[in-house]
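Here's the structure we're looking at; comments come further down.
Predicted model only: the values in this text are computed from it and were never measured.
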Amino acid sequence: MPKILIIDDSPEILNLNTAHLIKEGFDVATADTGAKAIARLKEGRYDCIILDIMLPDTDGFAVCKAARDLTSAPIIFLSCLDSPDDKVKGLMIGGDDYMTKPYSLKELAARIHVHLRREQPKNLLAFGSASIDKDNRIIHTPDKYVLLSQKEFELFMFLFENLGRVFSKEEIYSTLWQSGSSEIGTVAVHILKLRRKLGFAAPYVGTIETSDGGYFLARNAEGGLP
């Protein structure tokens, strides 16, 4: 279920948008200040953001700039400011769309659907309520996501695609570090980084275990793996 974050200081607008988008099949969270919005973005993943410009503690433009350091999700400005300059500014600083108030709830939902279709990764491996975005090296769970470095992702996918099979450091090194100046100790370093980054996702992607000096990905007791 796509997660939507609505940022607006009007209780009436928050309630109307929330009720309609829930009917459309979205999971909706809200924030009535810029500070609360950034806190929510730091805590979890959202698939689309609906952002007002006139907020009590800051403006939506500043929130958009800050949000772009935390997420690549589509941002739709929803504001009473209707001048061309405001629209251009919103789009130039990182917004993906701009709607003016008053607006149609049906049109808002339609635009969200359009942006979500555009954002859908072409190389997505989904299992249960989790997924692996291979194009962007992102592991998604219902409540959180993590971006892996290129080599971290290669290592994770190597273990993921060989679930339960034990590989020695030498085997992993020769497979993933075929050239370059890295030493074999880099394998243990990357395993440690993966364990730290993916701890929250263990119920979905399993855990990296050690056996006789080698490593393997074990299915978690709670399941989640295909």
Side-chain angles (χ1 to χ4, degrees), residues 1-124 126 129 131 133 135-138 140-147:
M1 180 183 296
K3 296 183 68 173
I4 311 298
L5 176 61
I6 306 174
I7 307 163
D8 203 299
D9 64 339
S10 167
E12 181 181 2
I13 289 176
L14 288 178
N15 291 336
L16 285 172
N17 287 346
T18 298
H20 185 75
L21 294 181
I22 288 175
K23 289 181 180 178
E24 289 285 324
F26 296 111
D27 181 9
V28 181
T30 63
D32 57 8
T33 68
K36 290 180 182 178
I38 297 303
R40 283 196 174 275
L41 289 172
K42 289 180 178 179
E43 292 169 356
R45 178 180 67 88
Y46 294 91
D47 298 292
C48 187
I49 300 166
I50 311 302
L51 176 59
D52 187 21
I53 293 176
M54 306 296 287
L55 297 171
D57 58 340
T58 184
D59 63 59
F61 299 128
V63 174
C64 182
K65 287 182 179 179
R68 278 293 168 243
D69 291 330
L70 301 169
T71 179
S72 60
I75 296 176
I76 302 176
F77 281 100
L78 185 62
S79 175
C80 60
L81 302 180
D82 60 358
S83 76
D85 288 344
D86 288 319
K87 294 178 182 179
V88 170
K89 182 177 180 179
L91 297 174
M92 291 299 292
I93 64 172
D96 297 274
D97 204 345
Y98 197 110
M99 294 181 65
T100 57
K101 302 174 182 178
Y103 57 95
S104 161
L105 289 170
K106 289 184 178 180
E107 182 182 353
L108 175 61
R111 292 200 188 195
I112 293 173
H113 281 295
V114 168
H115 285 289
L116 292 182
R117 284 201 302 270
R118 290 173 179 169
E119 289 293 308
Q120 185 68 22
K122 294 181 175 62
N123 200 1
L124 188 72
S129 54
S131 63
D133 178 353
D135 291 332
N136 298 301
R137 307 189 309 277
I138 298 174
H140 291 278
T141 71
D143 302 311
K144 193 175 180 181
Y145 71 94
V146 66
L147 172 65

Does any part of the side chain of [Y], heavy atoms only, come nearer than 4.5 Å to the side chain of [X], both counted from C-beta?
X     : Y      : result
Leu78 : Thr100 : no
Leu70 : Arg68  : no
Val63 : Ile38  : yes

> Does the distance from a Lys or Arg side-chain N to an Asp or Glu carboxylate O, for Lys101 and Asp8, drop under 4.0 Å?
Replying inline: yes
>> If the condition is salt bridge (Lys or Arg N to Asp or Glu O under 4.0 Å), which residues does Asp97 pass it with, not counting sequence neighbours?
In response: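 Per chain and number, Asp97 pairs via salt bridge (Lys or Arg N to Asp or Glu O under 4.0 Å) with Arg111.
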> In chain order, what residues pass the salt bridge (Lys or Arg N to Asp or Glu O under 4.0 Å) check against Arg45, with sequence neighbours excluded?
Replying inline: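 Listed in chain order: Asp47.
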> Are Glu24 and Ile112 close enough, and set up right, to give a side chain to side chain contact (heavy atoms under 4.5 Å, CB included), and what steps lead you there?
Replying inline: CA-CA 10 Å; Glu24 289 285 324; Ile112 293 173; over 6 Å; no
Within this structure, what is the [atom1]-[atom2] distance for the pair [X] and [Y], rounded to the nearest 0.5 Å?
X      : Y      : atom1 : atom2 : answer
Ser131 : Asp133 : OG    : CG    : 7.0 Å
Lys87  : Ser79  : NZ    : OG    : 10.0 Å
Lys23  : Leu105 : NZ    : CG    : 9.5 Å
His140 : Leu147 : NE2   : CG    : 9.5 Å
Leu116 : Cys48  : CG    : SG    : 5.5 Å
Arg40  : Glu43  : CZ    : CD    : 7.0 Å

>> Test your reading of the model: is there a side-chain donor-acceptor pair from Asn15 to the backbone of Pro11, 3.5 Å cut-off?
In response: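 Yes; at least one donor-acceptor contact below 3.5 Å.
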Please report, to 0.1 Å, the donor-acceptor pairs under 3.5 Å made by any side chain of residues 49-56, with sequence neighbours excluded.
none

Any residue meeting side-chain contact (heavy atoms from CB on, under 4.5 Å) with [X], in chain and number order, not counting sequence neighbours:
X      : answer
Ala110 : none
Leu91  : none
Thr18  : Ile6, Ile22, Val28, Thr30
Leu16  : Glu12

Non-hydrogen atoms of [X] and [Y] that approach each other most closely:
X     : Y     : result
Ala73 : Asp96 : O-OD2, 4.0 Å
Ala35 : Asp57 : N-OD2, 3.0 Å
Ala37 : Ile7  : CB-CD1, 3.5 Å
Gly94 : Cys64 : C-SG, 3.7 Å

>> So, using side-chain hydrogen bond (donor to acceptor under 3.5 Å, both in side chains) as the criterion, who are the partners of Ser104 when residues are at least two apart?
In response: none
> Residues in side-chain hydrogen bond (donor to acceptor under 3.5 Å, both in side chains) with Lys36, at least two apart?
Replying inline: Asp32
>> Which residues pass the ring-ring contact (aromatic ring centres under 6.0 Å, His included) test with His113, not counting sequence neighbours?
In response: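 His113: ring-ring contact (aromatic ring centres under 6.0 Å, His included) contacts with Phe26.
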>> Tell me which pairs pass ring pair (Phe, Tyr, Trp, His ring centres under 6.0 Å) where either residue lies in residues 52-82, with sequence neighbours left out.
In response: Phe61-Phe77, Phe77-Tyr98
> Can you list every ring pair (Phe, Tyr, Trp, His ring centres under 6.0 Å) pair that touches residues 32-55, not counting sequence neighbours?
Replying inline: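 Listed by first then second residue: nothing to list.
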